[in-house]
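Just so it is clear: chains get the letters A, B, ... in the order the sequence lines come, proteins before strands, and each one is counted from 1.
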Protein chains: 2
Amino acid sequence: MADAIKVLLVDDHQVVRRGLRTFLEVQDDIEVVGEAADGAEGVERAEELRPDVILMDVKMPGMDGVDALRRLRELDNPARVLVVTSFTEQRTVVPALRAGAAGYVYKDVDPDALAGAIRSVHAGHILLQPEVAGALLAQEESNSGTGRAGSLTEREREVLGLIADGRSNREIARALVLSEKTVKTHVSNILMKLDLADRTQAALWAVRHGVTG
Amino acid sequence: MADAIKVLLVDDHQVVRRGLRTFLEVQDDIEVVGEAADGAEGVERAEELRPDVILMDVKMPGMDGVDALRRLRELDNPARVLVVTSFTEQRTVVPALRAGAAGYVYKDVDPDALAGAIRSVHAGHILLQPEVAGALLAQEESNSGTGRAGSLTEREREVLGLIADGRSNREIARALVLSEKTVKTHVSNILMKLDLADRTQAALWAVRHGVTG
DNA sequence: GGCCGCCTCGGCCCCGGGACCTAGGCCCAC
DNA sequence: GTGGGCCTAGGTCCCGGGGCCGAGGCGGCC
């Protein structure tokens, strides 16, 4: 098919590349045009073969997926990159998306879903498998429990939100029309209740638990 | 078609509902089973009609999309919700996704892409239009610029990562086998380079820009 | 009425954080 | 060689952050 979606496979395991290839061979609108075993080779092949979509593992020896993504983005008319990962590596999702990934799916995805994902990505969409998106969105919620957040009073949550904005006690005092001392009292109570050491940890806790100013 | 994807349209503008309906009528695997003009009515219709996918505006009088999303999630076997919005409302994207939205597309999406989006969402995927995802991911970048992140040295990034872990200077010193004074120097340089006021802001900057410890 | 929790402050004390200045060793580029 | 960037580190100074103790006003609950 003249309009087949050209796909490049990048993974350090030959077995995985083979598996992906057989998955995709039965799709007549998708053509695997090449393979690469690491990020650096992936970038080379991408320049050479100009695929429409690249299926890439994030975790590889040498240049890993995120680095490769950055390089790929620098090419003109860069391919869309669908990250294929073998396990729930939450921490890699956001960096990968930031680096320009167009999607994130698990290796155990079924063939049709994978083909669908490739088509979606090729069509210009951003695609996350529900487990990935779910994990991404749920990670903060479930960390140490928003339950403790409930133990904070309304005022304390308000103060915490401003801490999470990077504001100083004085700025918070001005914002809430309070004395600086009162703010410090609230901060102390927040730290005690959440068992944190200082405002920096409080700010981090807040962003992870979605406490907004 | 017996297996057609049942879709419910929720938007406060009749014109929009009509437009969406005509878009979808030509798709023989998608069937519009109902419409609603606001969030509350949307929830009612959803209970009554049990659609597979709900196309919903986030910005509506009365109960808005986010509230409706929360309600919908409480139903058993809830429908997948594809948020359709008329403009780039970055701030609504994350709340909508947190509230359980399965996708986010613009109203000016072309018919085929919309149908594709519905199918993707129905298949269990999370789908963001590239402009949305781009805006989402770019928002922090464009704030004060990751360009400056590149200006940090390797060591500084390392220190920043530990700050973003909520560590004190002393802890960082121990971790990196440095004197506390050196750590303070690094911290000062980081704050200067990124134009931040204190370590709390630095920690927040780091998490937003994906600098990991 | 009494008790309690929240919000509001004050004073006091101490330490950690950050600014500013200086400087030596190291490596790389010109 | 000379300069420049990075990493290291010392000193000094000072303010902001946070702990600890106390206290008054207010609203709800028993």
[N] phosphate, OP1 or OP2, under 4.0 Å from [X] side-chain N/O:
X        : N      : answer
A:Asn169 : D:dG16 : no
B:Ser188 : C:dA19 : yes
A:Thr153 : C:dC7  : yes
B:Ser179 : D:dG10 : yes

Rounded distance in Å - [atom1] ([X]) to [atom2] ([N]):
X        : N      : atom1 : atom2 : result
B:Glu180 : D:dG11 : CD    : C1'   : 14 Å
A:Leu162 : D:dG17 : CG    : C1'   : 16 Å
A:Ile172 : C:dT8  : CD1   : P     : 13 Å
B:Ile163 : C:dG17 : CD1   : P     : 10 Å

Original post:
When all nucleic acid strands are considered with a 4.0 Å heavy-atom cut-off, which category describes B:Thr182: base, sugar-phosphate, or nothing?
Top reply: base

**OP:** Looking at every strand, decide which applies to B:Thr185 at a 4.0 Å heavy-atom threshold: base, sugar-phosphate, or nothing.
**Re:** base

**OP:** State, without any angle test, whether B:Thr182 and B:Ser179 hold a side-chain donor-acceptor pair at a distance under 3.5 Å.
**Re:** yes

Subject >> Side-chain donor-acceptor pair present, B:Lys184, B:Ser188, cut-off under 3.5 Å >> reply: no

What nucleotide, of [options], holds the atom closest to the side chain of [X]?
X        : options                : answer
B:Lys181 : C:dG10, C:dG17, C:dA19 : C:dA19
B:Lys184 : D:dG17, C:dG18, D:dC7  : C:dG18
B:Leu191 : C:dG17, C:dT8, C:dA19  : C:dA19

**OP:** Calculate, to the nearest 0.5 Å, the distance between atoms CD and CG belonging to B:Glu35 and B:Leu49 respectively.
**Re:** 11.0 Å

Original post:
If you measure from CG on B:Asp52 to NZ on B:Lys6, what distance do you get to the nearest 0.5 Å?
Top reply: 6.0 Å

Original post:
Of B:His186 and B:Asp198, whose nearest nucleotide on DNA chain D comes first from the 5' end?
Top reply: B:His186

Subject >> Most 5' of A:Thr200 and B:Glu156 on DNA chain D, judged by nearest nucleotide >> reply: B:Glu156

Subject >> Salt-bridge criterion met for B:Glu41 and B:Arg45 (N-O under 4.0 Å) >> reply: yes

